[in-house]
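Within every chain, numbering begins at 1; the chains are lettered A, B, ... in the order of the sequence lines, protein sequences first and strands thereafter. Remember, it's a predicted structure, so these values are computed and weren't measured experimentally.
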Amino acid sequence: MLDWYDRHHRTLPWRAEPGDAQDPYRVWLSEIMLQQTTVITVGPYFAAFLQRWPTVNDLANADLDEVLHAWQGLGYYARARNLHKCAKVVADEYGGRFPDTEEGLLKLPGIGPYTAAAVAAIAFNRHSSPVDGNIERVISRLFALETPLPDVKPEIKEKSAALTPSDRPGDYAQALMDLGATICTPRNPACGICPWQASCEGRKSGIAPELPKKRKKPAKPTRVGYAFWIRREDGKILVRRRPEKGLLGGLYEVPGSDWRAIEAPDDVMLSEAPIKASWTELDGTVGHTFTHFHLDVTVLAANIAESDAAKLDGSWTTIDGLSEFALPTVMKKIVRHALKYR
DNA sequence: AATCCGTGGGT
DNA sequence: TACCCAAGGAT
């Protein structure tokens with residue numbers, strides 16, 4: 001496997017050249033960003049973070065709002081909140097140095113079993129065996145494990161750990177992930193060029209492409225709601241910061257109603273507007289899909305007097321000034337819709 | 001243990 | 001279109 005890795009070595013922004021020492025900060029930052037996120041998506045975010053905050057101490061000294069702003073669009077925003085929290089812990093309690101063991105790393109915010117093992121192996125050459133989605137796929141196929149996820153996870157971890165060599169465990173882990181990303185792919189795996197084809201039980205029995213088995217996910221429900229596009233006399237728009245926990249926590253939003261499974265009567269929705277006003281319903285709706293539900297938002301627009309605006313909580317901003325706020329993708333869509341139809 | 005938590009690309 | 005999937009973690 002390491003032979004294959006050396007021959008097919010991918011140069012990635014966070015990966016040190018062969019023989020060079022790894023920077024734990026870069027390894028950690030990349031691993032957090034790569035959680036449930038593709039390499040191609042992470043690239044520019046990683047570069048921007050590294051340029052703006054070259055060390056963990058720099059990141060620790062940033063404001064959370066700055067970090068969320070730099071993270072906007074990447075999703076799973078709890079990662080950004082925990083990233084910042086973790087940087088502060090490392091800077092303030094660990095002298096700016098990451099713990100160099102799996103157990104030590106596991107104690108830090110935002111670092112779970114996978115990331116602790118990955119950073120320990122890649123940054124500190126510890127004999128750890130991270131198991132991500134790629135490695136779950138590779139191992140379940142190699143041993144033809146037909147038990148569905150997540151039940152089979154402990155068995156995968158056991159098999160994977162037994163295979164991990166003492167020499168270059170970090171490169172070994174990255175090799176397995178590269179194998180899963182480029183050859184042992186979810187669909188149409190390229191078994192013919194796989195370095196493990198001779199010993200792969202899944203290939204022998206012809207079930208490799210169907211593994212790992214997973215339980216079917218429940219269908220996503222649709223929720224509906226209103227967004228209130230409120231324009232002050234000077235043309236500025238009202239935005240507000242969402243609570244720090246939960247969906248899109250800590251990011252900014254165009255004020256809105258609750259998002260409900262069933263459309264509520266107009267008077268209920270309007271009672272949730274920040275202010276009484278003469279609303280104009282804009283054409284069409286804004287659709288967005290989150291992890292566990294679809295959302296359809298209707299945008300209501302109103303111009304309000306300066307005296308009324310003074311009663312409202314939030315921040316008033318010009319259209320251009322919106323770029324200074326951390327807006328999740330659904331809110332960017334709402335802004336675009338409002339500007340198009342208003 | 002099961003649920004919550006984003007987004008963009010591929011098929 | 002409607003799914004699936006991606007270097008998962010917190011509660």
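Projected onto DNA chain C by closest heavy-atom contact, A:L108 and A:V39 fall at different nucleotides, the more 5' of which corresponds to A:V39. Nearest-nucleotide positions on DNA chain C for A:R15 and A:I111 put A:R15 closer to the 5' end.
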message: Each nucleotide in nucleotides 1-11 of chain B should get exactly one letter: B, S or -. Can you fill that in based on protein heavy atoms under 4.0 Å?
response: ---SBBBS---

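Among the protein residues, A:L106 comes within range of no part of the nucleic acid, since none of its heavy atoms lies under 4.0 Å from any strand. Within the nucleic acid shown, A:W71 has no heavy atom closer than 4.0 Å to any nucleic acid atom. Within the 4.0 angstrom heavy-atom criterion, no nucleotide atom of any strand lies near A:P130.
For the residue pair A:Q35 and A:T115, a side-chain donor N or O sits within less than 3.5 Å of a side-chain acceptor on the partner. Looking only at atom types and distance, the side chain of A:S30 has no donor-acceptor partner in the side chain of A:R15 under 3.5 Å away.
A:L248 and A:F325 end up in the same hydrophobic cluster when Ile, Leu, Val, Met, Phe, Trp and Tyr side chains are linked at under 4.5 Å. Connection of A:L74 to A:L59 is established within a shared hydrophobic cluster, with ILVMFWY side chains joined at heavy-atom distances below 4.5 Å, either directly or through further cluster members.
Residue A:N61 holds its CG atom at 11.5 Å from CH2 of A:W53, rounded to the nearest 0.5 Å. Rounded to the nearest 0.5 Å, atoms CG (A:D178) and CH2 (A:W4) are 5.5 Å apart.
When DNA chain C is scanned 5' to 3' for any atom under 4.0 Å from a heavy atom of chain A, the first and last hits are C:dC5 to C:dA10.
Distance noted for atom P between C:dT11 and B:dG6: 14 Å (whole Å). As rounded to the nearest Å, C:dA7 and B:dC5 have P atoms that lie 23 Å from one another.
The shortest side-chain heavy-atom distance between A:I304 and A:R231 does not fall under the 4.5 Å cut-off.
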field: Stepwise side-chain hydrogen bond (donor to acceptor under 3.5 Å, both in side chains) test for A:K220 and A:H292
entry: CA-CA 6 Å; A:K220 290 178 183 179; A:H292 51 295; over 6 Å; no

